[in-house]
2 protein chains.
Amino acid sequence: MNIGHASTQTGLPVKTIRYYEEIGLVAPDRAENGYRDFDAAQIADLRFLAQARLMGFSLDECRTLLALEADPSRHSRDVRALAEQNLVSVREKIANLQALEARLTVLIEQCHGDEAPDCAILDGLSHEA
Amino acid sequence: MNIGHASTQTGLPVKTIRYYEEIGLVAPDRAENGYRDFDAAQIADLRFLAQARLMGFSLDECRTLLALEADPSRHSRDVRALAEQNLVSVREKIANLQALEARLTVLIEQCHGDEAPDCAILDGLSHEA
DNA sequence: CTTGACCCTCCAGTTGCTGGAGGCCCTACC
DNA sequence: GGTAGGGCCTCCAGCAACTGGAGGGTCAAG
């Protein structure tokens with residue numbers, strides 16, 4: 001299966017698939033004309049990668065997850081640990097963004113938003129702790 | 001004021017300040033020995049930048065904000081528009097992360113997290129739509 | 001006069017792609 | 001048989017916003 005087909009099968013852009021090969025996440029064969037040739041297992045890996053990325057795992061974590069998936073003697077504990085770590089960082093990001101949202105909302109509310117130059121937002125950025 | 005002092009005054013790392021100069025956000029004088037020399041207004045600008053970054057504005061938006069701050073004939077409407085745009089994108093990010101959190105949480109709950117290889121997380125990544 | 005803390009510039013790397021240039025290959029149509 | 005269009009290839013550059021390090025000048029204290 002060539003890369004265009006692999007792309008439609010997995011939803012990953014062609015460029016992204018090439019990039020994943022470059023960093024060693026997938027290693028397709030080559031046809032005689034030099035075209036990449038993906039087999040079913042590699043397509044499955046790419047789908048797995050696409051899902052893992054959607055779940056917020058970094059490419060490095062994806063690499064580990066792929067290795068775990070390929071290892072029949074894995075412990076689900078290890079997978080879970082990775083996922084929990086990811087969850088923690090997602091929650092941290094949410095908390096930070098919510099704090100940001102609150103601060104921004106306050107500033108915006110205080111700004112008249114008219115033609116005058118006085119602006120609570122600029123004042124806030126200038127004088128805040 | 002040299003860059004080390006500017007750093008402690010603003011909380012910005014030295015490297016970051018140099019970077020901000022490189023991209024034209026601040027333009028300190030130079031002393032005879034080649035050292036950067038920041039005046040009070042430039043320190044204020046750096047503080048402003050630090051705050052604006054904390055509020056989630058991109059460096060490009062910061063550039064615009066600085067220009068607005070320097071312009072006495074500005075309209076607060078323009079500042080507010082920028083801030084509102086920023087708020088929208090913050091809220092989008094929060095929504096995306098919350099969706100992620102929900103999906104991750106479900107997967108993690110279904111994984112035993114023991115020594116067996118069976119893992120709902122890996123299954124979810126393999127078979128999910 | 002040396003030690004250590006500054007400062008300087010320039011280059012490379014981070015994350016995860018994305019876009020483009022320049023060029024081969026393959027199929028279809030005239 | 002020639003050509004037009006796609007698709008494929010590699011390699012290089014760039015995005016955001018820094019960060020780290022090499023290699024070297026400067027400065028104040030003891």
Side-chain angles (χ1 to χ4, degrees), chain A residues 1-38 42 45-46 48-66 85-86 89-90 92-93 96-97 100, chain B residues 1-38 42-43 45-46 48-66 82 85-86 89-90 92-93 96-97 100:
Chain A
M1 187 181 308
N2 66 22
I3 200 170
H5 198 178
S7 171
T8 56
Q9 288 296 300
T10 61
L12 290 169
V14 166
K15 280 266 183 188
T16 299
I17 298 174
R18 280 200 272 255
Y19 174 66
Y20 286 176
E21 184 191 16
E22 191 190 326
I23 63 171
L25 285 177
V26 69
D29 286 345
R30 294 291 177 135
E32 302 222 334
N33 57 11
Y35 287 16
R36 288 169 184 81
D37 186 15
F38 296 84
Q42 288 161 348
D45 281 356
L46 288 174
F48 182 93
L49 286 168
Q51 279 303 315
R53 293 292 295 131
L54 281 179
M55 296 304 266
F57 291 98
S58 72
L59 285 182
D60 223 44
E61 290 166 332
C62 287
R63 192 187 303 277
T64 305
L65 286 172
L66 263 186
Q85 198 180 308
N86 186 9
S89 87
V90 167
E92 264 173 31
K93 281 179 201 148
N96 287 336
L97 286 170
L100 192 55
Chain B
M1 188 180 309
N2 66 22
I3 200 171
H5 198 177
S7 172
T8 57
Q9 288 295 301
T10 61
L12 290 170
V14 166
K15 280 267 184 187
T16 300
I17 297 175
R18 281 200 272 253
Y19 175 65
Y20 287 177
E21 183 191 16
E22 191 189 326
I23 64 171
L25 284 178
V26 68
D29 285 345
R30 294 292 176 134
E32 301 222 333
N33 58 12
Y35 288 16
R36 287 168 183 81
D37 186 16
F38 297 84
Q42 288 161 348
I43 296 297
D45 280 356
L46 287 175
F48 182 93
L49 286 169
Q51 280 302 316
R53 294 290 296 131
L54 281 179
M55 297 304 266
F57 291 98
S58 72
L59 285 182
D60 224 44
E61 289 166 333
C62 287
R63 194 187 302 278
T64 306
L65 286 171
L66 263 187
L82 255 181
Q85 197 181 309
N86 186 8
S89 86
V90 167
E92 265 174 29
K93 281 179 200 149
N96 287 337
L97 285 171
L100 193 54

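All chains are named by letter (A, B, ...) in the order of the sequence lines, taking the proteins before the strands, and each is independently numbered beginning at 1. Predicted model, so just to flag it, every value in this text is computed and none were measured.
Taking only side-chain nitrogens and oxygens, A:Asn33 comes nearer than 4.0 Å to OP1 or OP2 of C:dC26. Contact check, B:Thr16 against D:dT19: a side-chain N or O comes under 4.0 Å of OP1 or OP2. Residue A:Arg18 has no polar side-chain atom (N or O) positioned under 4.0 Å from OP1 or OP2 of D:dT10.
When the P atom of D:dC18 is taken as reference, atom CG of B:Leu54 falls 10 Å away, rounded to whole Å. We find that CG of B:Leu12 is positioned 14 Å from C1' of D:dT19, with the value rounded to whole Å. In this entry the distance linking CG of B:Asp37 with P of D:dT26 reads 17 Å, nearest Å. With rounding to whole Å, B:Asn2 atom CG is found 13 Å from D:dA28 atom C1'.
Checking C:dG16, D:dT10, D:dA17 against every side-chain atom of A:Arg36, the shortest atom distance belongs to D:dT10.
Each of A:Tyr35 and A:Arg53 lies near DNA chain C, and the nucleotide nearest A:Arg53 is the one positioned closer to the 5' end.
When the salt bridge (charged side-chain N to carboxylate O under 4.0 Å, His left out) test is applied to A:Asp60, the partners found at least two apart in sequence or on another chain are A:Arg63. Scored by the side chain to side chain contact (heavy atoms under 4.5 Å, CB included) test, A:Thr10 finds A:Leu12, A:Ile17, A:Ile43, A:Leu46, A:Arg47 as partners (sequence neighbours excluded).
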For nucleotides 21-23 of chain D, print each protein N/O atom paired with a nucleotide N/O atom at under 3.5 Å, atom names and distance only.
residue, atom, partner, partner atom, Å
D:dG21, O6, B:Lys15, NZ, 2.3

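Across residues 19-31 of chain B, B:Tyr19, B:Tyr20 each have a non-hydrogen atom less than 4.0 Å from an atom of DNA chain D (numbered order).
Here salt bridge (charged side-chain N to carboxylate O under 4.0 Å, His left out) pairs that include residues 15-29 of chain A, with residues two or more places apart or in two chains, are A:Glu21-A:Arg30, A:Glu21-A:Arg36.
The backbone N or O of A:Met55 sits less than 3.5 Å from a side-chain atom of A:Asn86, completing a donor-acceptor pair.
Inter-residue side-chain proximity for B:Asp37 and B:Asn2 is flagged as unmet; no heavy-atom pair is nearer than 4.5 Å.
The overall bend of the helix from C:dC1-D:dG30 to C:dC30-D:dG1, read as the angle between its terminal helix axes built from five base pairs each, is 30° when rounded to 10 degrees.
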